[in-house]
Amino acid sequence: MAIRRRSSSSGLSMCGVVGICLADHHSNVASELYDALTVLQHRGQDAAGIATCHHTSGRLYLHKDKGLVRDALPPQTMLSLRGSYGVGHVRYPTAGCNTREEAQPFLMTMPTGFALAHNGHITNVASLRDQLSTSCHINTDSDSEVLSHLFARELAVHWPSLINSSGDGCGGGGVSCSADQAKTVIFDVVRRVMARVRGGYAAVITIKGLGVLAFRDPHGIRPICIGSRPGGGGTGKMDWAFASESAALAGIGFALKRDVKGGEAVFASSSGAISAQTCAAPRALSPCIFEYVYMARPDSVLDGVSVYQARAAMGRRLARKVTAAMAATPHMAIDVVVPVPETSRISALHLAQALGLPYEEGLTKNRYIGRTFIMPGQERHKTVRRKLSPVAHVLAGRRVLLVDDSIVRGTTSRQIIDMVRSAGATAVYFCSAAPPVRHPNVYGIDLPSTGELIAHALSVDEVAEAIGADGVIYQDLADLKAAVTGLNSVLQAFDASIFDGRYVTALPLETVMMAFCELQARNEVGPHKCHAAHNASNQQETGSSKTASQSQRLTAEVERVRCLMTAIQTRAEVRTELM
C-alpha cells in the first residue's frame with residue numbers, strides 16, 4: 001500500500017530522545033543530556049536540542065539548532081542550560097521538516113512551562129492540527145509541535161486544581177500539591193492524549209517543578225527504556241533516565257531497568273520518586289522490526305533483545321538462503337564475504353562463519369560522512385563515493401558476496417557494486433539482511449515514496465539486474481522475525497509494514513486517500529486491477545493453488561488493496577474513538 005508523504009506535515013524521521021531527572025537539585029543535568037545525545041547521534045544528524053528546568057526557580061532553559069550535537073550545542077551554550085532535570089533530542093533530516101524552528105524540544109508556557117521531545121510519527125496529525133488550530137497557533141510543520149499543543153490543552157483542564165493560593169502551580173515558588181496529586185493529573189493527561197493520537201511515538205517531557213515524564217504508543221512501535229543509578233549529593237535517592245536506546249543509558253552510567261511498555265506512562269518526579277501507569281488499553285506489543293535491522297546501535301537492548309544477537313541470528317538464517325541459492329545455481333560460487341559498513345558487519349560475520357567462508361573488510365568507510373539512505377538523490381550519489389572506497393587487495397580476482405542491512409532505493413547498492421567490480425572482483429552477489437522493502441513507513445522512519453522503492457514493482461531477479469549484481473538474496477520475513485523472537489519469546493508481533501504493507505494501527509482517511517490517489521495516478525490500481533486482486537484474494541482464502549506463472553506483482557497488489565480496504569473499513573471506528 002502506497003503512502004505519500006506530504007512535506008507540509010511530514011514530521012517523518014527517525015529521532016533519538018533522552019530525559020534525565022537528578023536527585024541532587026544542585027547538580028546540572030545538561031552535560032549528561034549532551035553525552036547521552038552523542039551516543040544517540042546515529043539516530044539523528046540534522047539537529048539537536050536540550051531543555052532543562054531549574055528546581056528552585058522553576059525556570060526552563062532551552063537551546064536547539066541544526067547540526068550534529070557538538071555543533072548545535074557549543075560549550076558556551078551548555079553553560080547556560082541550568083537545572084537538575086531535562087530532556088534532549090536529535091533529529092534526522094527530512095523533507096519539509098528541516099528548519100531550526102522544527103528542531104526539538106518544543107517549549108510551551110501554558111498552562112505551565114514544559115518542554116517535549118518526541119520520536120516517531122502521528123498518523124492523524126492533519127485532523128489534530130485542524131482541531132487545535134481553532135484555539136492556538138501552530139507555527140511549524142512538525143507533528144511534535146502538534147503533540148505539544150495537545151498535551152498543553154489536556155493539561156490545562158486539570159491545572160487549576162494544582163494552583164495554590166499564591167497563584168503558583170506545583171512547581172516554582174510555593175508548592176501546594178502533593179506528589180500523588182501531580183502524578184494523578186499527569187497520568188490522566190497522558191490517557192487523554194493517547195485516546196486522541198494515532199501512530200507510533202515515544203515522548204519525553206520535562207515539566208516545570210515536577211520532573212520528567214516518558215510515554216510510549218499503545219503498540220510499543222517506537223522504543224524507549226528506563227535506567228537508574230544512585231543519586232549524588234548525599235540524597236539517598238535515585239537518579240532516573242529515559243532514552244530511545246539502552247546504549248545511551250549505559251554511556252552516562254545508568255543501569256537499564258526495563259523498557260517502557262506500550263501504552264504506559266512513567267513519571268520521575270523531582271523528589272526522586274518514580275511511578276508508572278498504563279494509560280491506554282493493552283495492545284499486542286509490536287515494536288518496529290527495522291530497529292533491529294538498521295536503526296539501533298548493536299550494543300543496545302530493545303524490548304529484552306540484544307541488537308547484536310539479533311543481527312547475528314539474521315546472518316545465520318541468511319546463510320541458509322545462500323546455501324540454497326548455491327545449490328540451485330551450479331555456476332554460483334563465493335570466495336569471500338564482505339560487509340557494507342557499518343550496520344551489516346555483524347550479520348555478514350555470522351553468515352560467513354555459518355558458510356565456512358572468509359570474512360574480510362573489502363570496503364573502507366570514512367567515518368565522518370553521515371548515513372545516506374534518506375539524502376536527496378544527487379547528494380546521495382556524491383556521498384556514497386566519499387563515504388566508501390574499495391580495498392583492491394581483498395576484492396581483485398575474487399567472487400564477492402556483499403552483505404548489507406537492506407536495499408531501499410537501490411542507488412547506493414548499485415554504486416557499491418560498481419566500485420567492487422572496478423576493484424577487480426570477478427563476480428558480485430548481494431545479500432540483504434532484511435526482506436525486500438516494498439512499502440513506506442508511517443511510524444517515524446523517513447523512507448522514499450513507494451515509486452522510489454526498488455523492490456516495490458520489481459522481482460528479485462529484476463532487482464539484481466537493476467543494481468548490477470550477479471544475484472540478489474533477500475532475508476525471508478519469517479526468518480527475520482524468528483531471529484528476534486528467538487531471543488525473547490514474549491515478542492510475537494512486530495511492525496514490519498515496510499516489508500509486508502500491514503500497518504498495526506488504523507490509518508486516517510486522509511492517509512488512505514492519498515495512498516489510493518497515488519496508486520491510481522501511477523496506474524497501479526483501478527477497477528480492473530481491484531477486480532483481479534479481489535478474485536485472487538478469494539482464491540487464496542479458499543485454498544486454491546496458484547501457478548508459478550502468476551507474478552509477485554499480483555500478490556503485492558492483492559496486499560496493497562487489502563490493506564487499503566482494511567484501512568477504509570476501520571476509519572469509522574477511528575473517527576468514533578476521536579469524538
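Remember, it's a predicted structure, so these values are computed and weren't measured experimentally.
Within the 3.5 Å criterion, the main-chain N or O of Val340 finds a donor-acceptor partner in the side chain of Ser344. At distances below 3.5 Å, at least one donor-acceptor pair connects side-chain atoms of Glu245 with backbone N or O atoms of Arg297. Under the 3.5 Å distance criterion, the side-chain polar atoms of Gln475 are matched with a main-chain donor or acceptor of Ala433. Proximity of a side-chain donor or acceptor of Gln41 to a complementary backbone N or O of Val69 within less than 3.5 Å is detected. Judged purely by atom type and a 3.5 angstrom limit, His63 uses its side chain to pair as donor or acceptor with the backbone of Ala72. Between the side chain of Tyr85 and the main chain of Ala23, no donor-acceptor pair closer than 3.5 Å is present. Proximity of a side-chain donor or acceptor of Ser244 to a complementary backbone N or O of Val17 within less than 3.5 Å is detected. Formation of a donor-acceptor pair under 3.5 Å by the Asn119 side chain with backbone atoms of Cys15 is found in this model. Under the 3.5 Å distance criterion, the side-chain polar atoms of Thr206 are left unmatched by any main-chain donor or acceptor of Val87. Side chain of Asp143 to backbone of Ile122: a donor-acceptor contact under 3.5 angstrom is found.
No side-chain heavy atom of Ser389 sits under 4.5 Å from any side-chain heavy atom of Leu363. Residues Leu318 and Ile473 meet the side-chain proximity criterion, which asks for heavy atoms closer than 4.5 Å. Using a 4.5 Å heavy-atom threshold, the side chains of Arg216 and Asp259 count as touching. Arg502 places none of its side-chain heavy atoms less than 4.5 Å from the side chain of Ser497. At a threshold of 4.5 Å between non-hydrogen side-chain atoms, the residues Phe254 and Ser246 do not count as touching. In this structure, the side chains of Val472 and Ser432 stay at 4.5 Å or more apart for every pair of heavy atoms. Side-chain contact between Leu81 and Met78 is present, with at least one heavy-atom pair separated by less than 4.5 Å. Contact of the Thr343 side chain with the Tyr294 side chain is registered, since non-hydrogen atoms from C-beta on lie closer than 4.5 Å.
None of Leu357, Leu349, Leu351, Leu355 except one satisfies the side chain to side chain contact (heavy atoms under 4.5 Å, CB included) rule with Gln353; the exception is Leu349. Evaluated for a side chain to side chain contact (heavy atoms under 4.5 Å, CB included) with Arg398, the options Val420, Asp335, Ile334, Val338 yield exactly one hit, Asp335.
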With side chain to side chain contact (heavy atoms under 4.5 Å, CB included) as the criterion, how do Thr412 and Ile416 come out once you've worked through the C-alpha distance, each side chain's angles and the decisive distance to 0.1 Å? CA-CA 6 Å; Thr412 300; Ile416 291 171; 3.7 Å; yes
Just do the salt bridge (charged side-chain N to carboxylate O under 4.0 Å, His left out) check on Asp479 and Arg317 with the steps written out, would you? CA-CA 6 Å; Asp479 281 340; Arg317 289 180 176 273; 3.3 Å; yes
Assess whether side chain to side chain contact (heavy atoms under 4.5 Å, CB included) is satisfied between Asp303 and Leu285, documenting all intermediate values. CA-CA 9 Å; Asp303 290 306; Leu285 179 61; 4.1 Å; yes
Given the rule in the side chain to side chain contact (heavy atoms under 4.5 Å, CB included) test, do Val18 and Val204 qualify, once you have shown the distances and angles that lead to the verdict? CA-CA 7 Å; Val18 60; Val204 289; over 6 Å; no
Ile445 vs Ile498, side chain to side chain contact (heavy atoms under 4.5 Å, CB included): CA-CA, chis, key distance, verdict: CA-CA 10 Å; Ile445 301 177; Ile498 63 173; 5.7 Å; no
Salt bridge (charged side-chain N to carboxylate O under 4.0 Å, His left out) between Asp299 and Arg311, worked out: CA-CA 11 Å; Asp299 53 341; Arg311 290 178 185 166; over 6 Å; no
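Side-chain contact, Gln45 with Arg91: no donor N or O sits under 3.5 Å from an acceptor N or O. A donor-acceptor pair shorter than 3.5 Å cannot be found between the side chains of Ser286 and Asp495.
Between the NZ atom in Lys261 and the CD1 atom in Ile224 there is a gap of 15.0 Å [rounded to 0.5 Å]. To the nearest 0.5 Å, the span separating CD on Glu452 from CD1 on Ile454 amounts to 12.0 Å. Here Cys225 contributes atom SG and Phe242 contributes atom CZ; the two are 10.0 Å apart, rounded to the nearest 0.5 Å. Here the NE2 atom belonging to His121 is positioned 10.0 Å from the OG atom belonging to Ser144, to the nearest 0.5 angstrom. Between atom CE of residue Met314 and atom NZ of residue Lys481 there is a gap of 13.0 Å, rounded to the nearest 0.5 Å. Considering CH2 of Trp240 and CD1 of Ile274, their distance stands at 4.5 Å, rounded to 0.5 Å.
More than 12 heavy atoms of other residues, nucleotides or ligands lie within 6.0 Å of CZ in Arg258, so this atom counts as buried by the packing criterion. Within a 6.0 Å sphere centred on NZ of Lys321, heavy atoms belonging to other residues, nucleotides or ligands number more than 12.
When all heavy atoms of Leu37 and Gly49 are compared, the pair lying nearest together is CD1-O, 3.7 Å. Listed here is the closest heavy atom pair of Ala348 and Pro339: CB-CB, 3.7 Å. The minimum heavy-atom distance linking Lys237 with Gly272 is given by the pair CD-CA, 4.3 Å. Among all heavy-atom pairs drawn from Phe187 and Val266, the shortest one is CE2-N, 4.4 Å. Shortest non-hydrogen contact noted between Val463 and Leu458 is CG2-CB, 3.9 Å. Pairing each heavy atom of Gly199 with each of Thr123, the nearest pair is N-OG1, 3.7 Å.
Ion pair Arg222/Asp217 not flagged as a salt bridge, since none of the NZ, NE, NH1 or NH2 atoms sits closer than 4.0 Å to an Asp/Glu carboxylate oxygen. In summary, Arg43 and Glu291 engage in a salt bridge, as defined by a charged side-chain N under 4.0 Å from a carboxylate O. Residues Glu32 and Arg229 are paired through a salt bridge, judged by an N-O separation under 4.0 Å between the basic side chain and the carboxylate. Ion pairing between a basic and an acidic side chain is recognised when a charged N comes within 4.0 Å of a carboxylate O; Asp65 and Arg70 show no such pairing.
Using the six-membered ring where Trp is involved, Tyr201 and His118 have ring planes that are tilted, between 30° and 60° apart.
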